[in-house]
Visitor: 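Dropping the structure in here first, questions after.
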Amino acid sequence: MTDSSQPTRYGYFGPAGTFTQMALKAWAPEADATAYDSVDATLAAVREGRIDAGMVPIENSVEGGVSATLDNLATGDPLVVVGEVLVPITFVLAAREGLTLADVTAVGTHSHAWAQVRGWVGANLPGATYVPTLSTASSAMGLAAGEQNYQAAVCAPIAADLAGLTVLAEDIGDVRTAVTRFVLVSRPGELPAPTGADKTTVVLYQRDDHSGGLLELLEQFATRGINMTRLESRPTKHSMGSYCFSIDLEGHVLDARIGEALMGLKRVCADVVFLGSYPRADRRAADIAPRNSDADFAAAREWLAAIRQTI
Ligand SMILES: O=C(O)C(=O)Cc1ccccc1
């Protein structure tokens, strides 16, 4: 993790002009950060200690989970999420000066962006083909550098600006209220302190495939009144039909109900990967179901200790 006597060395999924850079700027406005051209490269830089913290996208309100991030975090040397940022997403269609919509037969962008503008492209550029690029900003930079495989980029307004492109159409997202959630990832170290409005991320690996297996995992949360804010199954990549579950919970690992649930899961699961406890971006306090507060757990523990002493 971060050495508190030294300034944090930040990195992000870049280049400059990505939505991820916006997220990092919202987290650390003054930071002098390093850009990496993929999620994997950003997280490798964290693992190898070249940076202390890396910002990557994890979830979009329209397109769902970012597999590159979910899969990278679930495997390899442990990493933890230490913070999250929500960024409203606005896309423009940008091209080199002099072009019009009629000149566009192919569009370059990041796959997550493409999924969010498909409707607009279908209606306004029928027949246009899709050219995948590493990021939205790299599609804009590619055009500026003379890329010929596509004539227009789908990117943030700032990326069009940085690349010196002309905006052919504004606000082209199919869902104008789209939001992406980004996470700041570090090597395991000091836990962010509980704030009362926290999330915990875990990946659960089942022991075996059986009827009611997922229910067994989820009841660890239900019985302690823990709300989930995200649940996804991801292939383990070991064999067809083998999945793990990536889950965000309301609460902090230092909250008694979360700690107890994780202990329950540790007994039930083949593996539990702890991916961090961190303050919620929206600062919404956790809804603690009756009889599940820290005080309730402490009282139960004291009661048990007393019984054990008297026997
Ligand atoms: O390519 C970018 O700008 C990114 O930061 C990844 C991304 C792509 C589309 C929506 C949100 C984030």
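Counting from 1, the numbers follow the sequence of the chain as shown. Computed from a predicted model, the values in this text were never measured in an experiment.
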Visitor: So, are R176 and D171 salt-bridged, with charged N and O less than 4.0 Å apart?
Guide: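 A salt bridge links R176 with D171.
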
Visitor: Are any non-hydrogen side-chain atoms of V202 and L275 less than 4.5 angstrom apart?
Guide: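 Not in contact.
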
Visitor: Less than 4.5 Å apart, side chain to side chain, heavy atoms only: is that true for R187 and V80?
Guide: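 Of all side-chain heavy-atom pairs linking V80 with R187, none is under 4.5 Å.
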
Visitor: I need the full list of salt bridge (Lys or Arg N to Asp or Glu O under 4.0 Å) pairs touching residues 76-86, with sequence neighbours left out, sorted by first then second residue.
Guide: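 Found E84-R181, E84-K199.
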
Visitor: Strictly by ring pair (Phe, Tyr, Trp, His ring centres under 6.0 Å), give each pair with a member in residues 114-155 just once, sequence neighbours left out.
Guide: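 As it turns out, the ring pair (Phe, Tyr, Trp, His ring centres under 6.0 Å) pairs with a partner in residues 114-155, which skip direct neighbours, are W114-Y130.
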
Visitor: Is there side-chain contact between T236 and Y205, with heavy atoms separated by less than 4.5 Å?
Guide: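 Answer yes - side chains close enough.
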
Visitor: Rest of the hydrophobic cluster containing M240 (Ile/Leu/Val/Met/Phe/Trp/Tyr, side-chain heavy atoms under 4.5 Å)?
Guide: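 None; M240 is a cluster of one.
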
Visitor: Could you tell me which residues satisfy side-chain contact (heavy atoms from CB on, under 4.5 Å) with R234, sequence neighbours excluded, listed by chain and number?
Guide: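 For R234 the side-chain contact (heavy atoms from CB on, under 4.5 Å) partners, ignoring immediate neighbours, are S67, L70, D71, K237, C244.
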
Visitor: Does a side-chain heavy-atom distance below 4.5 Å link E260 with Q220?
Guide: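 Not touching, per the 4.5 Å side-chain cut-off.
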
Visitor: How about V154 and I172: do any of their side-chain heavy atoms sit closer than 4.5 Å?
Guide: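 Heavy-atom side-chain distance check passes, below 4.5 Å.
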
Visitor: Taking only residues two or more places apart in sequence or in another chain, which ones pass side-chain hydrogen bond (donor to acceptor under 3.5 Å, both in side chains) with E219?
Guide: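 With neighbours one apart ignored, the set is empty.
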
Visitor: Identify, with sequence neighbours excluded, every residue that meets side-chain hydrogen bond (donor to acceptor under 3.5 Å, both in side chains) alongside T90.
Guide: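 Checked T90 against side-chain hydrogen bond (donor to acceptor under 3.5 Å, both in side chains); zero matches.
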
Visitor: Does D294 pair with R257 as a salt bridge, N-O distance under 4.0 Å?
Guide: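 Salt bridge: no.
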
Visitor: Does atom CZ (R50) have a neighbourhood of more than 12 heavy atoms from anything else shown, all under 6.0 Å?
Guide: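 Yes, because the 6.0 Å sphere around CZ of R50 holds more than 12 heavy atoms from other groups.
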
